[in-house]
There are 2 protein chains.
Amino acid sequence: MRDGGYTIRTMAARCGMTTHTLRYYERVGLIQPVGRARNGHRRYSDADEAWLNFLHCMRDTNMPIREMQRYAALREDGDDSSLDGRKILEDHRATIAAQIVALEKAHALLNHKIENYRKIEERIRVPRPMREAAEGRTLATAG
Amino acid sequence: MRDGGYTIRTMAARCGMTTHTLRYYERVGLIQPVGRARNGHRRYSDADEAWLNFLHCMRDTNMPIREMQRYAALREDGDDSSLDGRKILEDHRATIAAQIVALEKAHALLNHKIENYRKIEERIRVPRPMREAAEGRTLATAG
DNA sequence: CCTTGACTTGAAGCGCGCTCAAGGGAGTAG
DNA sequence: CTACTCCCTTGAGCGCGCTTCAAGTCAAGG
């Protein structure tokens, strides 16, 4: 039984979710009731895929389900020029920017800490009581 | 009763957590049992603050409590040159890098979508059935 | 003495985002 | 026919990271 469109498994694979998640998203209104084959099985369209990819991208960046529901509801009302919809996206963009800042701060901090590990390790591998020894001709003695 | 060190309230304020969270972190071993005043109340040191700030930074970047526990345990063993400790940090640094990639992708996507909203809105504010009208002399007619 | 307020403890509760279990049906191969 | 695979639905369960509750202790102030 074909009835054009992707099965739930296929769709799950294509957009990196589980079938459970796809049904869940439909249940909570993140996607409109999806088309069905004659046997009642779901059949996803390319439009569904695009929307799911968008949802995935938003979830990946920690947009709460509630917000996504609000946005999805507006979209379903065909409210294409909605100020509310725009505001939701702008707000999320702002939280993304904040997240990036936090992540970059942490990244720098970790670079620093890891560099310390490296230095300690080096001091253990090549113990050098003398200060000046490590300056120039370290690699030459590796073999 | 003073007994040098910060109270739990003060410490919570200083590092942007709640007192509940501080006790919780202590309970689950993220921080070693903290010093006490004579009346049994906790007293936090500057070293505690530094460590808590580090934990906060890691949590802000979605490091799981479990991982932080592993790292804290190594630290408590005084294992300052631990390969495991280094690996934990390097792994987290990698997930941070991945998160940044996802966030930047989403950010770009949102820029694009929001720009579309802007265009739609403009078309509503200044309806222009003629195609060529928007090309050159739009601003001139603003007043 | 009594109240107030900041602290203590252990245990229970909660919101989020899935995730899984149970029970059933339809289509296909052997 | 049986067996297998894939799907369906409803409803419960789970892991995480706190958060709140209940009950108690201690010290200072009126």
Side-chain angles (χ1 to χ4, degrees), chain A residues 1-31 33-45 48 52 54-72 92 95 99 102, chain B residues 1-45 48 52 54-72 92 95 99 102 106:
Chain A
M1 184 164 288
R2 196 116 296 274
D3 292 54
Y6 308 111
T7 67
I8 193 168
R9 273 183 105 72
T10 308
M11 199 53 173
R14 284 178 79 99
C15 52
M17 307 182 188
T18 69
T19 58
H20 301 299
T21 303
L22 289 185
R23 291 196 202 93
Y24 170 69
Y25 278 12
E26 189 173 341
R27 249 199 313 153
V28 302
L30 283 180
I31 60 184
V34 71
R36 301 287 178 138
R38 265 186 297 272
N39 60 5
H41 292 192
R42 289 173 179 79
R43 287 295 179 270
Y44 291 84
S45 69
D48 292 329
L52 283 166
F54 173 69
L55 292 179
H56 195 185
C57 188
M58 294 303 101
R59 274 301 301 140
D60 267 2
T61 55
N62 304 304
M63 181 180 250
I65 297 274
R66 269 190 199 295
E67 285 298 285
M68 301 189 353
Q69 283 171 325
R70 290 212 301 131
Y71 188 73
H92 186 53
T95 78
Q99 288 180 70
Chain B
M1 183 163 290
R2 195 117 296 272
D3 292 53
Y6 308 110
T7 66
I8 194 168
R9 274 181 102 73
T10 308
M11 199 53 174
R14 285 180 79 100
C15 52
M17 307 182 188
T18 69
T19 58
H20 302 299
T21 303
L22 289 186
R23 291 196 202 93
Y24 169 69
Y25 278 12
E26 189 173 342
R27 246 197 319 145
V28 301
L30 284 180
I31 61 183
Q32 287 174 286
V34 71
R36 301 288 179 137
R38 267 186 297 273
N39 61 4
H41 291 191
R42 289 174 178 79
R43 287 294 179 272
Y44 292 83
S45 69
D48 291 329
L52 283 167
F54 173 69
L55 292 180
H56 195 184
C57 188
M58 294 303 102
R59 274 300 301 139
D60 267 2
T61 55
N62 304 305
M63 181 180 249
I65 296 274
R66 270 192 199 295
E67 284 297 284
M68 302 191 349
Q69 284 170 324
R70 291 211 303 130
Y71 188 73
H92 186 52
T95 77
Q99 287 179 72

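A note on names: the letters A, B, ... follow the listed sequences, proteins ahead of strands, and every chain is numbered from 1. Because only heavy atoms are used, hydrogens play no part in the values below, and waters and symmetry mates are left out as well, while side chains stay in.
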task: Calculate the interatomic distance between B/Leu55 atom CG and D/dC18 atom P; express it in whole Å.
output: 10 Å

field: Closest-nucleotide 5' rank along DNA chain C - winner of B/Arg27 and B/Arg9
entry: B/Arg9

message: Distance check needed: D/dC18 C1' versus B/Ile31 CD1, whole Å only.
response: 15 Å

task: Identify whether any heavy atom of A/Arg36 sits under 4.0 Å from a base atom; if not, whether one sits that close to sugar-phosphate; answer base, sugar-phosphate or nothing.
output: sugar-phosphate

- request: Could you check whether B/Arg66 gets within reach of a base, just the sugar-phosphate, or nothing at all, counting any heavy atom under 4.0 Å?
  value: sugar-phosphate

field: Rounded interatomic separation in angstrom, taking OH from A/Tyr24 and C1' from D/dG13
entry: 14 Å

query: Tell me: CD of B/Gln69 to P of D/dG15, nearest whole Å?
result: 15 Å

- request: Report yes if some heavy atom in the side chain of B/Ile8 is under 4.5 Å from a heavy atom in the side chain of B/His41; otherwise report no.
  value: no

Geometric cation-pi criterion A/Arg14 and A/Tyr6, 6.0 Å radius, 45° cone: yes

query: Can you tell which of C/dC20, C/dC18, D/dT19 lies closest to the side chain of A/His20?
result: C/dC20

task: Please check the phosphate of C/dC18 (OP1 and OP2 only) for any side-chain N or O of A/Tyr25 closer than 4.0 Å.
output: yes

message: Counting the atoms with a prime plus P, OP1 and OP2 as sugar-phosphate, which does A/Arg23 contact under 4.0 Å by heavy atoms, base, sugar-phosphate, or nothing?
response: base

message: Looking only at the side chains, is there a donor atom on one of B/Thr61 and B/His92 sitting less than 3.5 Å from an acceptor on the other?
response: yes

statement: Rounded to whole Å, CE of A/Met63 lies from P of C/dG17 at a distance of 11 Å

message: Under 4.0 Å from OP1 or OP2 of D/dC18: is there any side-chain N or O of B/Thr18 that close?
response: no

message: Applying a 4.0 Å non-hydrogen cut-off, can you work out what B/Thr7 is touching in the nucleic acid: base, sugar-phosphate, or nothing?
response: sugar-phosphate

statement: Regarding the side chain of B/Asn39, the nearest nucleotide among C/dC7, D/dA27, C/dC18 is D/dA27

message: Using heavy-atom distances to pick each residue's nearest nucleotide on DNA chain D, tell me which of B/His41 and B/Asn62 is more 5'.
response: B/Asn62

- prompt: A/Gln69 side chain to A/Gly29 main-chain N or O, any donor-acceptor pair under 3.5 Å?
  reply: no

- prompt: Just how far, in rounded Å, is P of C/dG17 from CE of A/Met58?
  reply: 15 Å

task: Ignoring hydrogens and angles, tell me if any N or O in the side chain of B/Arg59 forms a donor-acceptor pair with the backbone of B/Met63 under 3.5 Å.
output: yes

field: Nucleotide C/dC18, atom C1' - distance to CD of A/Glu26 in whole Å
entry: 16 Å

- request: To the nearest Å, give me how far apart CD (A/Glu67) and P (C/dC16) are.
  value: 11 Å

task: Would you mind telling me which of C/dT8, D/dG17, C/dC18 lies closest to the side-chain atoms of A/Ile65?
output: C/dC18

